[in-house]
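Since the structure is predicted, the reported quantities are computational estimates derived from the model, not experimental observations. Counting starts at 1 for both ligands and their atoms, following the listed order.
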Amino acid sequence: MLVVRAVEDQPNRGIKKGDEFRLYIVDAHHHMGREKGHKNTPAGAYEFYAQLWFEIQKKTQTLIEDDRLLFEPVRIEAPELATKLFQNKANWARLDHGWLVDRTIVFPYTDDYSFPSSKGEPSFKVSNDKIASWTSRAPHSSRLIGFARVNPLDGSYKGNPVAVNELERAVLSLGLRGLKLHPLAQLFVDSIEKNEPREVVKRAGELGIPVIFDTRNMRTVVRIKRLVDSMRNDPDCGAAMKGLRVILAHCGMSPGDSRLYEALKDPVIFAETSTLHDRDVPVLFESAHERLSSSNREWSDKILFGTDFSFLSVQAMDIILHLLSREFPGTLADIQRVLAGNALSLVNSPFRTSTGSSEPPAEFICKDESLTIQHDIEDSVIKLIVEGSWDLLSLDFMIPPIGTWPELIPLTNGGFNGVCMDSYVLALKSKGKLQELHLWVRRRPDDYISCTVLSTQGMTRLDTLENASQLISPVLVRSISDHSQEFRSSKEMSSRMLELLMGR
Ligand SMILES: [Zn+2]
């Protein structure tokens, strides 16, 4: 998280000079694997973020001297639970840095090993396996979100569409949570609207995962918009349109082009900032503010921060510093949406694969005014993970319901930025039995801490990370209250909870 400080009073926003705010940051575009000269792993990502922070600090000095900034970046803070996990093992602790960026959406390069080795084998099979093994294992699973990649032109094998099958495997078996498509690298720029890419996009919509397209020019953006329109008018795509979200990586590289904003007025289309730098950056935000404000959503709901590391590196600094500058046409809530809220809202559901089973939930509650009980419980779960009896598949914080991201609160009043650091879902997998479950930890308004053990499948699973009781299915709510037990001490509560975990 990036802590920023107001350089002057902003009475119209209720901000005082010296007020500090915590910005949570998600990088929505990041590659891992190996492609010719490029190579990257989780360690490389954290190293890059540490370097990016160093460069931001250097540039900040000049910008402050020229009085260009409204908020000065002052320091980095790691999210407490994630950093605690990293600190619990010596060879993890040395990776506990680079917390300028809190979460990273990771997908393959056109890897050296992405080409099929036999007939009928999909492109990117090995790449997707590698992304899953990096992103769904402790400690990196607390920081990384894995997306798959496929080649829609893989054709069919024994009557089955190869790319669609690989997408299903990546999402349902590996637990990858989105899809990256690269029309230029996989040579389908001219056939985006044709049957094969369309079938892949349709399946992604049905699976409810976001699709990020590389877009290097407006021609590609226009084609993607036409594809979405034609799917919307096709009764066969009804289910797909319910879950479809499309992200235009690189904003078509033309942030001033009106066709970009025509596409962004579509409720399911979004844009990501990587490659934009220098004067492109103010053009993007001014144009978005001007052209998207009339719609019924916030204009800033449409733009996601991304770096495209390792193809690009310090360019990302221009985006972050522009958001903090006097030139930026929005509030801290707009900044937070761009830096993290939109990406988290697009991913939206907690990690799961299809291997989980369906069992009734079990809720453990305890009065916990001082957070000590919550910290004790966290310590015992971290111990399970570090000792290796359970692996952490993901750590997903609860977020505000879509369209309701709040204004930020200064640190002196708690520093809330929308990401609920004390309410989250841990996706866990037992080592021995390969059982998968969710541990849903919540602070209740009455100062109770609630820990619910949930199956990842069936009627009583948790489908959304949006923190609003009206979005949780009534069946789940009822079932939790039927299986709820209250405890008086953290010792009693965690031992009963661990007993249950060990039994599964
Ligand atoms: Zn890229």
If the threshold is 4.0 Å, N to carboxylate O, is there a salt bridge linking R259 and E262? no
Indicate the atoms forming the closest heavy-atom contact of S394 with R103, along with that distance. OG-NH2, 3.6 Å
Report yes or no: does D308 have an N/O/S atom closer than 2.8 Å to the Zn ion (ligand 1)? yes
Out of the N/O/S atoms in H31, what is the name of the one closest to the Zn ion (ligand 1)? NE2
Between H30 and Y49, what is the ring plane arrangement, given parallel below 30°, perpendicular above 60°, and tilted in between? tilted
Looking at K429 and E436, does any basic side-chain N land under 4.0 Å from a carboxylate oxygen? no
N, O or S atom of H182 closer to the Zn ion (ligand 1) than 2.8 Å: no
Taking backbone and side chain together, does H29 place any N/O/S atom at a distance below 2.8 Å from the Zn ion (ligand 1)? yes
